[in-house]
Amino acid sequence: MADDKKLTTRKADFSAWYNEVVLRAELADYSPVRGCMVIRPDGYGIWERMQRTLDDMFKATGHRNAYFPLLIPQSFLSKEAEHVEGFAPELAVVTHGGGKELEEPLVIRPTSETIIYAMFAKWVQSYRDLPLLINQWANVVRWEMRTRLFLRTLEFLWQEGHTAHATHDEAEEETRRMVGIYRDFMEGYMAMPVITGQKTNSERFAGALRTYSCEAQMQDNKALQAGTSHNLGQNFSKVFELKFQTEAGDEAFAWNTSWGVSTRLIGGLVMTHGDDKGLRVPPLLAPIEIVIVPIWRTDEDKARVFESAKKLKTSLGEWERREPNRLRVHLDTRDNMKPGAKYYDWELRGVPLRLELGPRDVDANQCVLVRRDTGAKQTVSLDTVGEDAEVLLEKIQDDMLTAARDRREANSIRGDITWARFTEVMEGEGAFVYAGWCGSEECERQIKEATKATIRVLPDEEFRSSEPATKCLKCGNPSTVEALWAKAY
RNA sequence: CGGGGCGUAGCGUAGCCUGGUAUCGCGCCUGCUUUGGGAGCAGGAGGUCACCGGUUCAAAUCCGGUCGCCCCGACCA
């Protein structure tokens with residue numbers, strides 16, 4: 001780095017840029033164990049806001065939290081054939097406990113379907129016990145070969161929802177409902193637009209009937225699978241004997257769903273909104289929404305600027321918002337840094353709104369508000385700064401979503417596309433390509449082999465092209481469904 | 001697991017080829033002056049040179065081995 005104050009630019013090296021932002025904004029740090037990470041307070045603060053919001057959304061749709069154990073008997077994993085096949089390569093297995101070799105090894109959960117449905121089987125007897133709507137916040141372990149901060153680590157934090165229903169249709173409805181909730185969260189809070197749709201069989205969750213996904217486009221035009229929701233059918237209920245007596249008195253297997261999002265979302269946030277100055281956090285998820293930077297020249301100035309700044313922090317902190325939350329304000333009192341250095345520091349950390357207050361401002365009963373997303377400055381009266389800040393924060397939130405959506409659309413290609421053009425795009429800048437697909441796994445496989453692009457989803461109706469491609473991207477046969485192709489994280 | 005790179009102060013590094021007890025920058029501490037876009041000066045603290053073994057009067061440096069981490073590929077939320 002020629003100038004170690006500056007970040008590597010996104011254009012020069014996107015993945016170096018990403019690592020630098022995560023480390024320097026103090027979201028996370030490497031741990032002594034390969035592939036594991038420490039989530040630092042600034043990163044965890046974002047996660048806590050995500051958790052709180054999602055948790056409220058889950059509760060509002062009737063789900064309740066519970067906690068299931070970290071350790072699962074190995075035999076449980078083996079019961080569902082596809083499931084064990086899918087997860088076997090990445091399991092961490094505990095073979096010893098209390099100084100002795102265990103009779104049956106225990107796996108550290110890579111996901112909790114098996115233990116949860118085994119328990120559900122004990123709890124459900126009658127259709128009156130359904131639906132059973134459970135969520136848990138937990139850590140899971142998957143022994144990945146290649147790891148990246150937040151995006152892929154050996155251990156990560158997530159929530160996994162698990163439900164049991166009396167009918168297929170109810171389970172399907174639940175599966176779709178949760179995709180909708182995820183989408184609302186990602187767009188409404190993260191300002192990260194997503195394409196929703198169904199996964200092809202090759203990308204389906206191990207053991208599911210169908211998998212739906214929310215796919216976001218990162219600034220390098222690669223797709224990030226941001227959340228998934230699975231209709232598990234009766235695959236797990238059959239092997240764990242999750243049965244119930246129907247209203248008519250028959251015995252039936254329950255229908256299950258599971259759905260999850262993880263700390264990977266934080267990586268998505270960085271790669272959606274970050275710029276060459278650092279992180280940009282959407283206001284609704286920002287642990288600090290407004291940072292006050294006081295400016296002074298003399299001791300006398302310092303005293304009255306600080307006094308004014310403290311009052312401002314208090315009054316903003318008590319400002320009523322549309323939600324029961326208050327404005328989250330931080331006053332930067334560090335006296336060993338010049339204001340300019342503080343600006344760079346808070347820009348790196350992504351605080352959405354900066355409030356500059358100097359002697360001249362105090363005299364004039366005003367302050368300067370600076371948007372992190374656009375850099376735009378405006379001078380406002382101290383009498384109205386609460387309203388002004390609130391309006392600006394809402395605007396920033398909206399504008400960030402719009403900007404991200406515009407960028408995604410500018411990097412999307414629709415309609416029939418030649419194979420030559422497709423490979424050129426995937427080898428170059430990349431894009432979301434809505435192309436025709438004949439439905440054969442062979443074409444899907446060949447395209448992946450040739451270009452590393454995969455079908456991210458078969459998009460839901462509202463995302464499909466008004467004039468979709470007519471021919472399969474690979475074989476040229478008539479297209480049976482429109483598919484969204486992209487390289488993925 | 002293949003390919004590449006790197007381990008020297010909290011961080012980033014020079015020194016290694018050609019052996020002689022470690023350089024510089026940032027950060028940190030103290031003081032003074034500063035503060036509206038990355039402050040200046042002066043003084044100061046901070047090191048098992050990743051680890052183990054070997055060669056040598058002498059090893060960060062040469063030789064052998066081990067470990068770890070990062071990056072790029074095959075698998076993945």
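What you see below is based on every heavy atom in this structure, not just the backbone, and it leaves out hydrogens, waters and symmetry mates. Because the structure is predicted, anything quoted here is derived from the model rather than measured. Chain letters run A, B, ... following the sequence lines, proteins first and then strands; every chain starts at 1.
- Using a 4.0 Å heavy-atom cutoff across all strands shown, A:V140 reaches no nucleic acid atom at all.
- A:R354 comes within 4.0 angstrom of a nucleotide base, judged by non-hydrogen atoms across all strands.
- Put simply, A:K338 has a side-chain N or O that comes within less than 4.0 Å of OP1 or OP2 on B:G36.
- Across all strands shown, B:C17 remains unpaired; no Watson-Crick or G-U wobble contact has both distances below 3.5 Å.
- No contact: A:E155 has no heavy atom under 4.0 Å from any strand.
- Between the C1' atoms of B:A59 and B:U18, the separation comes to 14 Å (whole Å).
- For A:R177 and A:T175, the side-chain atoms include no donor-acceptor pair closer than 3.5 Å.
- Summarising the geometry, the separation between CE on A:M192 and C1' on B:A77 is reported as 12 Å, rounded to the nearest angstrom.
- Side-chain atoms of A:R148 and A:N19, non-hydrogen and from C-beta on, do get closer than 4.5 Å to each other.
- The side chain of A:R297 places no N or O atom within less than 4.0 Å of a non-bridging phosphate oxygen (OP1 or OP2) of B:U34.
- OP1 or OP2 of B:C72 lies within a sub-4.0 Å distance of a side-chain N or O belonging to A:R146.
- If you check every strand for non-hydrogen atoms under 4.0 Å, A:S15 touches sugar and phosphate atoms only.
- Using N1 to N3 plus N6-O4 or O6-N4 for Watson-Crick, or N1-O2 and O6-N3 for G-U wobble, each under 3.5 Å, B:C1 pairs with B:G73.
- Looking only at distances, a side-chain donor or acceptor of A:S78 sits under 3.5 Å from a matching main-chain atom of A:Q74.
- When the options A:K11, A:R372, A:R10 are evaluated for a salt bridge (Lys or Arg N to Asp or Glu O under 4.0 Å) with A:D275, the one that passes is A:R372.
- When Watson-Crick and G-U wobble pairs are counted only if both distances are under 3.5 Å, B:C62 pairs with B:G54.
- Residue contacts for A:F156: at a heavy-atom cut-off of 4.0 Å it reaches a base atom on one of the strands shown.
- Remark: C1' of B:A77 and CH2 of A:W143 are 17 Å apart, rounded to the nearest angstrom.
- B:A50 sits 15 Å from B:C70 when the C1' atoms are compared, rounded to a whole Å.
- Ranking B:A77, B:G36, B:U35 by closeness to the A:R152 side chain, first place goes to B:A77.
- In this model, no side-chain donor or acceptor of A:D345 finds a partner on the base of B:G38 within 3.5 Å.
- Remark: B:G68 base-pairs with B:C6. Criterion, Watson-Crick or G-U wobble with two distances under 3.5 Å.
- Residue contacts shown for A:D361 include a base, since a base heavy atom lies under 4.0 Å away.
- In this structure, B:G36 makes no Watson-Crick or G-U wobble pair, since no nucleotide meets both defining distances under 3.5 angstrom.
- Put simply, the side chain of A:E356 and the base of B:G37 share no donor and acceptor less than 3.5 Å apart.
- Atom P of nucleotide B:G37 and atom NZ of A:K377 are separated by 7 Å, given to the nearest angstrom.
- The A:A341 side chain lies nearest to B:G38 when the options are B:G38, B:A77, B:G36.
- A:G260 comes within 4.0 angstrom of nothing in the nucleic acid, heavy atoms only.
- Looking at A:D220 and A:Y489, their side chains come closer than 4.5 Å, going by heavy atoms from C-beta outward.
- When heavy atoms are screened at a 4.0 angstrom cut-off, A:T454 is found touching no nucleic acid atom at all.
- Proximity of A:N19 to the phosphate of B:C71: a side-chain N or O atom is located under 4.0 Å from OP1 or OP2.
- Base pairing of B:G31: its partner is B:C41, meeting the Watson-Crick or G-U wobble criterion (both donor-acceptor distances under 3.5 Å).
- Atom CZ of A:F185 and atom P of B:A77 are 19 Å apart (whole Å).
- Nucleic acid contact for A:L224: none, since no nucleic acid atom lies under 4.0 Å from a heavy atom of the residue.
- In summary, the aromatic rings of A:Y434 and A:F463 are positioned with their centroids too far apart to meet the 6.0 Å limit.
- A donor atom on one side chain and an acceptor atom on the other are found under 3.5 Å apart for A:H230 and A:T211.
- Note: CD (A:E90) to P (B:A74) measures 16 Å, nearest angstrom.
- In this structure, the CG atom of A:L91 is 14 Å from the P atom of B:A77, given to the nearest Å.
- Annotation: B:G46 and B:U23 have their C1' atoms spaced 15 Å apart (nearest Å).
- Comparing B:A77, B:G37, B:C28 by their nearest atom to the side chain of A:N336 picks out B:C28.
- Place A:D13 and A:T153 on RNA chain B by their nearest nucleotides, and A:D13 ends up nearer the 5' end.
- The aromatic ring of A:Y344 does not sit over the base of B:G37, since the test of centres under 5.5 Å and planes under 30° is not met.
- At the heavy-atom level, A:W158 lies nowhere under 4.0 Å from the strands shown.
- Residues A:P193 and A:L401 are in side-chain contact: their nearest non-hydrogen atoms beyond the backbone lie under 4.5 Å apart.
- Whole-Å rounding puts the A:K448 NZ to B:C75 P distance at 5 Å.
- If you measure from atom CZ of A:R264 to atom C1' of B:A77, you get 5 Å, rounded to the nearest angstrom.
- Of all nucleotides listed (B:A74, B:G36, B:C76), B:C76 comes nearest to the side chain of A:E144.
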